[in-house]
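Here's the structure, in structure tokens; my notes come after.
When a ligand or atom number is given, it counts from 1 through the structure's own listing order.
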Amino acid sequence: MSQARRLRLGVNIDHVATIRNARGGRHPDPLRAARIAAAAGADGITAHLREDRRHISDHDIERLAREIDLPLNLEMAATEEMLAIALRHRPHAACLVPERREERTTEGGLDAAGGHDHLAPIVDRLAAAGIRVSLFIAPDPAQLAAAKRLRAPVVELHTGAYCEAFLDAANGAATLAELERLRAGAREAARLGLECHAGHGLTFDCVGRIAALPEVVELNIGHFLIGEAIFGGLDSTVRRMRATMDQARSQALGSRSA
Ligand code: PXP
């Protein structure tokens with residue numbers, strides 16, 4: 001597949017750190033996971049430095065920024081503390097995410113519309129430092145319009161609701177409705193000139209229909225890959241995800257040009 005049509009895979013390594021932190025110490029090392037993911041076909045490494053440091057640590061970010069060859073996508077809350085860290089390490093990209101301490105994972109999208117005044121200076125300062133800013137939002141026209149107003153070049157559409165619906169009842173009405181929202185969101189992002197990424201909750205089974213959306217250029221996947229790696233190893237898990245995404249993308253492109 002040509003590079004232009006190739007869907008990028010960002011491997012999120014947060015939960016390697018979750019396992020390490022269960023015991024303290026250094027094993028398993030997220031940096032080692034990043035290197036294995038790179039060799040297996042990842043196009044980027046994603047890590048979320050949470051305010052409570054429950055998985056990735058400041059030291060992990062420092063090492064990832066310094067030592068890996070792939071672009072680093074730092075997921076971060078829109079706070080002064082995280083902004084200072086991003087400006088210090090200058091990752092390739094920063095994805096602004098909502099963060100609540102009590103949540104187990106990033107449950108909803110960022111309120112780019114309601115949070116404009118708070119977000120605008122953070123987006124501007126990241127952009128001024130040459131960091132590509134993305135906003136993690138629901139596939140909602142108001143949020144997409146707000147991302148455009150904020151001058152963020154990239155949006156990442158939250159696929160969590162789609163993945164949950166898929167798990168509940170594959171091919172059910174809710175799955176199709178969520179897929180339709182994502183399809184419309186991806187189209188609207190492209191119409192607004194925003195680069196469109198997607199992620200959250202993706203697995204081998206549900207990634208295909210997201211990979212088939214032609215406007216989506218990057219998927220960020222973490223929890224499933226790291227969990228599945230326990231059984232199949234990280235190298236083969238990333239390779240299989242890569243192949244599953246590529247196959248779905250090729251089929252979608254083929255059926256459109258046929
Ligand atoms: N994208 C963003 C912005 C996220 O916050 C997360 C979760 O950290 C992911 C993608 C990956 O989600 P998952 O770990 O469920 O694959």
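The shortest N/O to N/O separation between His223 and ligand 1 falls below 3.5 Å. Backbone and side-chain nitrogen or oxygen atoms of Cys95 are examined, and none is located within less than 3.5 angstrom of a nitrogen or oxygen of ligand 1. Taking only nitrogen or oxygen atoms, main chain and side chain alike, Phe224 does not reach within less than 3.5 Å of ligand 1.
The pair Arg240-Glu228 fails the salt-bridge criterion, with no side-chain N (NZ, NE, NH1 or NH2) lying under 4.0 Å from an Asp/Glu carboxylate O. For the pair Asp14 and Arg54, the salt-bridge criterion is not met [side-chain N within less than 4.0 Å of a carboxylate O]. Between Asp58 and Arg53 there is a salt bridge, since at least one side-chain N of the basic residue sits less than 4.0 Å from a carboxylate O of the acidic one. Under the 4.0 Å criterion applied to side-chain N and carboxylate O atoms, Lys148 and Glu188 are not assigned as salt-bridge partners. A salt bridge does not link Arg191 to Glu215: none of the charged nitrogens lies less than 4.0 Å from a carboxylate oxygen.
By the neighbour-count criterion of 12 heavy atoms within 6.0 Å, atom CZ of Arg26 is sparsely surrounded, having that number or fewer from other residues, nucleotides or ligands.
Interface atoms of ligand 1 facing Val97, defined by a heavy-atom separation under 4.0 Å, are 3 (C). The atoms of ligand 1 that sit less than 4.0 Å from any heavy atom of Gly201 are 12 (O), 13 (P), 15 (O), 16 (O). Proximity to Asn12 (heavy-atom distance under 4.0 Å) selects the following atoms of ligand 1: 8 (O). Atoms of ligand 1 found under 4.0 Å from any heavy atom of Asn220 (numbered from 1 in listed order, with element): 10 (C), 11 (C).
For the residues Glu156, Glu99, His15, the heavy atom positioned nearest atom 10 (C) of ligand 1 is part of Glu156.
Only the side chain of Glu75 comes within contact range of ligand 1, with a heavy atom under 4.0 Å; no backbone atom does.
In this structure, the side chains of Pro91 and Asn73 stay at 4.5 Å or more apart for every pair of heavy atoms.
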